[in-house]
Amino acid sequence: MATAKKAAPAKKAAPAKKAAPAKKAAAKAAPAKKAAAPAKKAAPAKKAAPAKKVAAKKRTPNAAFMKAMTPSAALAAIIGDKAVPRTEVTKKVWEYIKKNGLQDKAKKTMINADAKLKEIFKQAQVSMFEMTKLINGHLK
């Protein structure tokens with residue numbers, strides 16, 4: 001029995017010794033993190049230079065959006081009968097909506113159709129996100 005008691009205190013002492021070097025290793029690791037912090041501050045400065053080069057490039061418009069489209073008779077009553085690109089069609093329809101106060105006062109994403117827009121939308125009220133889809137059916 002005497003040998004068993006001596007072995008037990010030796011096991012308790014061993015984990016205590018392992019914990020002490022771990023604390024020292026953690027203490028050594030902390031200054032290393034502080035040294036790494038200035039290196040991180042220098043990295044964003046290097047990334048900032050290429051961002052200016054990207055901003056200098058001009059974005060070219062998609063040719064499909066710039067192609068002139070002929071409006072139907074119902075759409076021509078709103079935007080005119082001249083062939084215009086899809087982007088201009090949307091702009092002119094929005095000008096018509098704002099000029100006539102057709103945007104819903106309570107829910108701004110909804111458009112209340114008047115007699116001319118009802119021919120295009122086939123509904124009394126349409127979401128602005130559906131509007132372009134419905135208008136595209138009136139372009140050739």
Side-chain angles (χ1 to χ4, degrees):
M1 281 194 203
T3 56
K5 287 183 181 177
K6 288 182 183 176
K11 287 182 182 176
K12 288 182 181 176
K17 288 181 182 176
K18 287 182 182 176
K23 287 181 182 177
K24 288 181 183 177
K28 288 181 183 177
K33 287 181 183 176
K34 289 180 182 176
K40 286 183 181 178
K41 288 181 182 177
K46 290 179 184 176
K47 289 182 182 178
K52 291 180 182 177
K53 291 179 184 177
V54 173
K57 283 185 182 179
K58 275 196 169 183
R59 189 174 148 221
T60 57
N62 188 345
F65 288 121
M66 302 313 291
K67 181 181 173 188
M69 305 291 284
T70 307
S72 68
L75 186 58
I78 297 170
I79 65 166
D81 59 347
K82 197 166 111 180
V84 290
R86 289 178 194 269
T87 54
E88 290 297 318
V89 170
T90 305
K91 285 180 186 177
K92 288 183 179 188
V93 170
W94 268 110
E95 286 175 10
Y96 178 82
I97 290 168
K98 289 183 179 181
K99 182 176 112 180
N100 295 311
L102 300 175
Q103 195 170 9
D104 193 39
K105 304 289 183 216
K107 192 171 182 185
K108 299 282 188 179
T109 60
M110 300 303 284
I111 287 124
N112 300 320
D114 63 350
K116 290 181 181 179
L117 284 177
K118 207 167 197 173
E119 292 178 29
I120 297 168
F121 298 155
K122 309 287 188 229
Q123 298 172 9
Q125 194 175 42
V126 176
S127 167
M128 69 169 65
F129 305 109
E130 295 176 281
M131 182 182 74
T132 53
K133 180 182 172 184
L134 296 169
I135 289 172
N136 284 337
H138 291 271
L139 296 172
K140 294 180 187 176

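Every heavy atom of this structure was used, including side-chain atoms; hydrogens, water molecules and symmetry mates were not. Remember, predicted model here, so these are calculated numbers, not experimental data.
For the pair K116/N100, no side-chain contact is recorded, criterion being any heavy-atom separation below 4.5 Å from C-beta on. Using a 4.5 Å heavy-atom cutoff, the side chains of V93 and M131 are in contact.
T132 is linked by a side-chain contact (heavy atoms from CB on, under 4.5 Å) to T90, counting only residues two or more places apart in sequence or in another chain.
Here the CG atom belonging to L102 is positioned 6.0 Å from the CG atom belonging to L117, to the nearest 0.5 angstrom.
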List the atom pairs, with distances to 0.1 Å, where a side-chain N or O of residues 70-80 and a protein N or O form a donor-acceptor pair under 3.5 Å, not counting sequence neighbours.
unit_1	atom_1	unit_2	atom_2	d
S72	OG	L75	N	3.4
S72	OG	H138	ND1	3.0

Which donor-acceptor pairs under 3.5 Å do side chains of residues 119-129 form with protein atoms, sequence neighbours excluded?
unit_1	atom_1	unit_2	atom_2	d
K122	NZ	E119	O	2.8
Q125	NE2	N112	OD1	2.8
S127	OG	F129	N	3.2

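The salt bridge (charged side-chain N to carboxylate O under 4.0 Å, His left out) analysis of residues 74-103, with sequence neighbours excluded, yields the pairs E88-K91. Counting only residues at least two apart or on different chains, no salt bridge (charged side-chain N to carboxylate O under 4.0 Å, His left out) pair has a member in residues 129-140.
I111 and Y96 fall within the same hydrophobic cluster, where Ile, Leu, Val, Met, Phe, Trp and Tyr residues are linked whenever their side-chain heavy atoms come under 4.5 Å apart, directly or through other members.
F65 forms part of no hydrophobic cluster, judged by ILVMFWY side-chain heavy-atom separations under 4.5 Å.
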